[in-house]
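Here the structure is a predicted model, which means the values were calculated and not measured.
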Amino acid sequence: MKTTKQIFVVFILVLIISHVQAQHTGLNVGDKVDNFEAKAENGKIWKSKKVIGKKNLVVYFYPAAMTGGCTKQACAYRDAMDDLSSVDAEVVGISGDEVKNLKLFKQAHNLNFTLLSDPDGGIARMFGVPVTEGNKSIEREVEGTIHTLTRGLTTSRWTFIIGKQGKVIYKSTDVNAAEDSKAVLGVLKNQLH
């Protein structure tokens, strides 16, 4: 009888510990953000340590370059860049796309912020953003030429703001692509008051 009870208690403890650990994966508001780096659309390595502690850093994860919702989100950030700069914010968009896809995305839509390639999902996982493995390709025309854009994984659409102190001050897991920049701007303006 004791053995069955002991096994049951151990089983319940394992379940509780697993549940608690699952709730604490990734980053939440108030968490300090570790430095990260990735290749940008220009082929150069972008490093968070050059921004964190100096500016507010908006990090938004999106599923795929040159797709409907992702294009709306990127163009909204592009159009809000003057307002975001006025609240001392830098924006980076992160996806599982290859660098060449990001270069085309930026060129096709005249984007005025950095796009980062996270082909293995390491940065997404650090933030706790769900990723779906598997190669996917789409074809898009840019300046009269058809390009095949391939990505090795797809991230969920999540947005974070890392404040000047290096901690997460905003996290959204239910992002409206077209309105994301407005929500972010609202949070940053409220931080000033």
Compare all side-chain heavy atoms of [X] with those of [Y] and state whether any distance is below 4.5 angstrom.
X      : Y      : value
Tyr62  : Thr67  : no
Lys55  : Leu57  : no
Lys164 : Asp88  : yes
Thr114 : Leu116 : yes
Asn35  : Ser48  : yes
Phe105 : Leu115 : yes

Measuring from His147:NE2 to Lys103:NZ, what's the distance to the nearest 0.5 Å? 10.5 Å
From Glu90 CD over to Ile52 CD1, what is the distance, rounded to the nearest 0.5 angstrom? 10.5 Å
Is it true that [X] and [Y] fall in one hydrophobic cluster, defined by side-chain heavy atoms closer than 4.5 Å?
X      : Y      : answer
Val29  : Val59  : yes
Tyr60  : Leu111 : yes
Val187 : Val58  : yes

Derivation of the side-chain contact (heavy atoms from CB on, under 4.5 Å) call for Leu27 and Trp158: CA-CA 11 Å; Leu27 296 174; Trp158 286 20; over 6 Å; no
Could you tell me which non-hydrogen atom of Val99 sits nearest to which non-hydrogen atom of Glu41, and how far apart they are? CG1-O, 3.7 Å
Check against side-chain contact (heavy atoms from CB on, under 4.5 Å), Val142 and Met66: CA-CA 10 Å; Val142 178; Met66 305 286 280; 3.5 Å; yes
Among Phe36, Phe127, Tyr170, whose ring pair (Phe, Tyr, Trp, His ring centres under 6.0 Å) with Phe160 holds? Phe127
Can you list, pair by pair, the side-chain donor-acceptor contacts under 3.5 Å of residues 175-183, counting residues two or more places apart and other chains?
residue : atom : partner : partner atom : Å
Asn176  : OD1  : Ala178  : N            : 3.2
Asn176  : OD1  : Glu179  : N            : 3.3
Asp180  : OD1  : Thr159  : OG1          : 3.2
Asp180  : OD2  : Gln73   : NE2          : 2.9
Asp180  : OD2  : Tyr77   : OH           : 2.8
Asp180  : OD2  : Thr159  : OG1          : 2.7
Ser181  : OG   : Ala76   : O            : 3.4

